[in-house]
Amino acid sequence: MDSIRLRFAPSPTGALHIGGIRTALYNFLLARQQKGTFVLRIEDTDQARYVPGAEDYILEALEWCGLQPDEGPGIGGDYGPYRQSERKDLYGKYAQQLIESGHAYYAFDTADELAEKRAAAEANGNTFKYDAKVRHQLVNSLTLSDEEVQKRLDRGDNYTVRLAVPPDELILIDDLVRERVQFHTNELDDKVILKSDGMPTYHLANIVDDHLMKITHVIRGEEWLPSTAHHVLLYRFLGWEDTMPTFAHLPLIMKPTGKGKLSKRDGAKLGIPVFPLSWEGPNPENTFKGFREFGFVPDAVNNFLAFLGWNPGTEQEIFDKEELITAFSVEKIGKSGARFDYDKARWFNQQYLIRMLDSDLLPHVKPIIEAHGHQPDEAFLLTFIGLMKERVHLLPEFWEQGHYFFTDYQSLDEKMVSKKWKPEFRTAFDDLHQLLRDTESFTTESLQTTVKGFINDHGYKFGNILPILRLGLTGTTKGPDIFATMALLGRAEVDRRLQASYQRFDQLTQE
RNA sequence: GGCCCGUUCGUCUAGGGGUUAGGACGCAGGAUUUUCAUUCCUGAAACACGGGUUCGAUUCCCGUACGGGCUACCA
C-alpha cells in the first residue's frame, strides 16, 4: 500500500483562525506519523471573496506553527499547481464528462430568478430546492431542446453546470470520526459544480483535486459533513469510487462564552487571540492580534489545539510536536464541539515556558526587552530569564513583571510601603545599605549570608527587613528571590536604588 | 422549517452494563517559598430528561429537550 497523502485546503478569504490551524495540525500529525505527505492546496475559486495577502498569511501561520507542508504553492511537488485558480482549465473537462454521461446538466436560470423563487417559497413557508423534483420545470438542458441549448451556449449566455442528483438512493458514508452517516438523495439539491464565470465550486474542485493529487484521507471540519453525500456522488459519477479518500469530520471549536462556533469577532470582544498571527484588515473591526503577538510559543498553541477535540486517553497533558506525532490517532478524536478555553491556553503556554531552556527562550525574550530600549548582554538576559520564566504565562510578561531589572522602577507600590516602612527603621537600613556597599562578593549566596547574618545579629525580623529591601530595589513586593535579584542588578545599581528609595519612603510616610 | 451530527464536573475530557465515575484548566483551602510564581496536598464540582431492554443502566435501544452544523453561481 502506498503511503498516505493528506491535505489542508484553506480558502484565502482572510486570516485563518485557530479552527483552521487545528485542522491543519491534525492532517499534519497523521501525515508525519504515517510517513505520508502533507499537501497545502489553496482553494481560491471564489473571486469575490478573495483577499490579497491571505495566502501569505496562511503560509506564515503554518510556518510559525511548525506545520510545513511537503507540497504546496511556493513549495512545489509532483501534483501542482496547488492553487485552484491556476487549475481552472482542468475542471471544465470533468464537468463536460459528467454532462455527457448524464450526471450533470447546463442550467440557464439566473441567480436573480432563483433568488426570487427562493423568496416566494419562503413567503409561503416552504423552501425552494433545485432538485430532481423541480429541475424539469426550470431552464436547463433537461427542459430545453438540444438546439436551444446549443444556441444559448453559442450565444454566450451565462450558465452553470449542476449535478443531477439521482432520486431514491441512500448514500452511506463511513466516517472515521462519526462512523456510519447516511443521507437520502431526495433530500439533496442539484449542486452547482461549475459557476457561470467558469470556475468550479468547492464541490467539483475539491473532488477533482483530491483525486488528481491522490489524497487518501480527508480530515476537515464538521461543516462539510452535509455536503459529503454530494462528494460521494461525484466520485462515483467520475468513476473514482475505488480510490475515494477516507473521510474524518472534526467537531467544531465553539465560542468561549455564549452559543455557536468560534468566530473572528470573539477575539476582539473578549480580548483574547483566536488567530495564530496578527492580521491587519482594512478597518479596526477586521484587525486582529494573534497568538504569536500575545506571547505564545508555537508548541504550546499546538498542544492546546490538539487537545481541543482529541486526547490520547492517558493522563499526560504536555506533548511537544514530536510526542503529538507519535501519540495522535484519529480514533481518539471526539464527536462533540469543544469550547475554546483561553485560561487553559495560557496554562499550556506557562508550562512550555517553564520547561524551555533559558537559551531557547532567549530569542523570544531578547526582542521584547530591546523593544523597550535596552540592550543587555546575553549573560545578563539568560540569568534574567532563569529567574523570571516560572512566574510568567505570556512572553510580554517578562518585561511587564521584570522591567526593573533593566531600568529603575517607574511605579512604587505605595500601599505596601506605608504598610511596611517605619521611620525608625532608617538607621537599620542605613547600616544594611553600608554593609551591602562594602560587601566583598556580590553573589546570590554571599548576599544571602550577609543580609541574613545582619538581620540575625541585630535581632531584626526578616518580615520587616526583606519586604522593604525588595520595595526599595524593585518597587514591588513580588518577584524572584531577592538575593538573586540583587546579584543580577549589581552592586552599583543596588547602591543607587537604595540611596534613592529610603528618601522616597520617608516622604511617603510623612505625608 | 427540513436534513445531518452531538450531549459525563463551569470548561477540556477518561471510562463504560455492577466503578468511592478518573485526570486537567479554573475556583476554594493548606504546605513549601519569610514575597510573588513554581511545586505539593486537600476540597467543592458531572453521567440532560422520559421510557424501554436487563437481576442491574451513566454505559445498549427509542423518544423528548437542548446544543451545533448545513440548507448560495461561499468555502
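Reminder, nothing fancy here: chain letters follow the sequence lines and each chain counts from 1.
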Using a heavy-atom cut-off of under 4.0 Å over every strand shown, decide if [X] touches base, sugar-phosphate, or nothing.
| X | value |
| --- | --- |
| A:Gly221 | nothing |
| A:Asn126 | nothing |
| A:Met254 | sugar-phosphate |
| A:Gly334 | nothing |
| A:Ala338 | sugar-phosphate |
| A:Lys461 | nothing |
| A:Pro480 | base |
| A:Tyr202 | base |
| A:Thr13 | nothing |
| A:Gln182 | sugar-phosphate |
| A:Ser336 | sugar-phosphate |
| A:Glu397 | nothing |
| A:Asp109 | base |

Base-pairing assignment for [N] (Watson-Crick or G-U wobble, both under 3.5 Å):
| N | result |
| --- | --- |
| B:rG67 | B:rC5 |
| B:rA14 | none |
| B:rU33 | none |
| B:rA28 | B:rU42 |
| B:rU53 | none |

Whole-angstrom distance between [N] and [M], as gauged at atom [atom1]:
| N | M | atom1 | result |
| --- | --- | --- | --- |
| B:rU7 | B:rU58 | C1' | 12 Å |
| B:rA44 | B:rG6 | C1' | 29 Å |
| B:rG15 | B:rG23 | P | 15 Å |
| B:rC40 | B:rU33 | C1' | 12 Å |
| B:rG51 | B:rU13 | C1' | 29 Å |
| B:rG52 | B:rC12 | C1' | 33 Å |
| B:rU38 | B:rG26 | P | 8 Å |
| B:rU53 | B:rC9 | C1' | 29 Å |

Under 4.0 Å between a side-chain N/O of [X] and OP1 or OP2 of [N], yes or no?
| X | N | answer |
| --- | --- | --- |
| A:Lys478 | B:rU35 | no |
| A:Lys261 | B:rC70 | yes |
| A:Gln448 | B:rU33 | no |
| A:Gln350 | B:rA37 | no |
| A:Thr45 | B:rA75 | yes |
| A:Lys335 | B:rG67 | no |
| A:Arg118 | B:rA72 | yes |
| A:Lys332 | B:rG15 | yes |

Lys/Arg N to Asp/Glu carboxylate O, [X] vs [Y], below 4.0 Å:
| X | Y | value |
| --- | --- | --- |
| A:Arg83 | A:Glu55 | yes |
| A:Arg41 | A:Glu43 | yes |
| A:Arg180 | A:Asp175 | no |
| A:Asp46 | A:Arg49 | yes |

Closest to the A:Asn311 side chain: B:rA75, B:rA14, B:rA24? B:rA14

Quick one about A:Thr476 and A:Asp413 (side-chain donor to acceptor, distance below 3.5 Å, no hydrogens or angles considered), yes or no? no

A:Asp209-A:Gln84 side chain donor-acceptor pair, cut-off 3.5 Å: yes

Gap between atoms CD and C1', on A:Glu315 and B:rA14 respectively (whole Å): 8 Å

For A:Glu122 and B:rG1, give me the distance from atom CD to atom P, rounded to whole Å. 13 Å

Could you tell me which non-hydrogen atom of A:Tyr409 sits nearest to which non-hydrogen atom of A:Leu473, and how far apart they are? CD2-O, 3.5 Å

Mapping A:Val181 and A:Trp310 onto RNA chain B by nearest heavy atom, which one lands closer to the 5' end? A:Val181

When you match A:Trp347 and A:Phe307 each to their closest nucleotide on RNA chain B, which lands nearer the 5' end? A:Phe307

Is it the case that [N] (base atoms only) and [X] (side chain only) share a donor and an acceptor within less than 3.5 Å, ignoring hydrogens and angles?
| X | N | answer |
| --- | --- | --- |
| A:Lys344 | B:rA24 | yes |
| A:Ser196 | B:rC73 | yes |
| A:Arg49 | B:rC74 | yes |
| A:Thr127 | B:rG2 | no |

Please collect all salt bridge (Lys or Arg N to Asp or Glu O under 4.0 Å) contacts where either partner lies in residues 448-465 of chain A, sequence neighbours excluded, each pair once. none

Please test A:Phe348 against A:Phe296 for side-chain contact (heavy atoms from CB on, under 4.5 Å), starting from the C-alpha separation and ending with a verdict. CA-CA 9 Å; A:Phe348 271 113; A:Phe296 283 83; over 6 Å; no

